[in-house]
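Just the heavy atoms: all of them, side chains too, but no hydrogens, waters or symmetry mates, feed the values below. Given the structure is predicted, the values throughout are model-derived calculations rather than measurements.
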Amino acid sequence: MFVYAAEVAQTIRHAARYGVDAHIDRVRWDDIVSRVFGRIDPIALSGEDYRALRAQHRRVRPAHPFLGRFQADGRYLLRTDDGAQFTAEQVVIAAGARPLIPPAIRASGVDYHTSDTVMRIAELPNTW
């Protein structure tokens with residue numbers, strides 16, 4: 001959805017090629033971010049709610065970081081590093097991903113963004 005907004009701006013920038021006089025008065029970054037996450041966040045929360053509370057015959061065990069191990073004793077026994085353990089006929093590990101900031105970057109004091117933060121920055125980057 002961010003890319004589409006950028007494509008619209010790019011189309012306006014190049015409209016003169018097609019005999020159309022157009023210009024961009026301003027980019028309302030906060031409106032773009034609100035539109036994108038106003039759609040994405042409820043979908044994500046709904047999916048989490050469904051998986052955790054409404055999916056029959058499923059149990060969600062959120063663990064961050066997930067450091068589980070399967071027991072090799074002929075049963076499907078999973079033990080997590082936080083002490084939880086359970087058995088099941090089928091186990092799905094949907095681990096996802098989290099950004100990892102190298103210690104040298106953290107210690108350097110430089111500003112950085114991750115995939116979790118860059119799309120929610122407060123102001124439009126100065127690339128115009």
Could you give the distance from CG (Asp21) to CD1 (Ile12), rounded to the nearest 0.5 Å? 13.0 Å
Just to verify, what does Arg120 make a salt bridge (charged side-chain N to carboxylate O under 4.0 Å, His left out) with, not counting sequence neighbours? Asp41
May I have the list of side-chain donor-acceptor pairs in residues 32-39 shorter than 3.5 Å, sequence neighbours left out?
from  : atom 1 : to    : atom 2 : distance (Å)
Ser34 : OG     : Asp30 : O      : 2.9
Arg35 : NH2    : Met1  : O      : 3.4

Do you reckon Ile40 sits in the same ILVMFWY cluster as Tyr4, going by side-chain contacts under 4.5 Å, direct or chained? yes
For Arg106 and Tyr112, the nearest pair of non-hydrogen atoms, with its separation, is NH1-OH, 3.6 Å
Measuring from atom CG of Asp111 to atom OG1 of Thr117, what distance do you get when rounded to the nearest 0.5 angstrom? 10.5 Å
Quick check: is Ile121 connected to Val110 through a chain of hydrophobic side chains (ILVMFWY, heavy atoms under 4.5 Å apart)? no
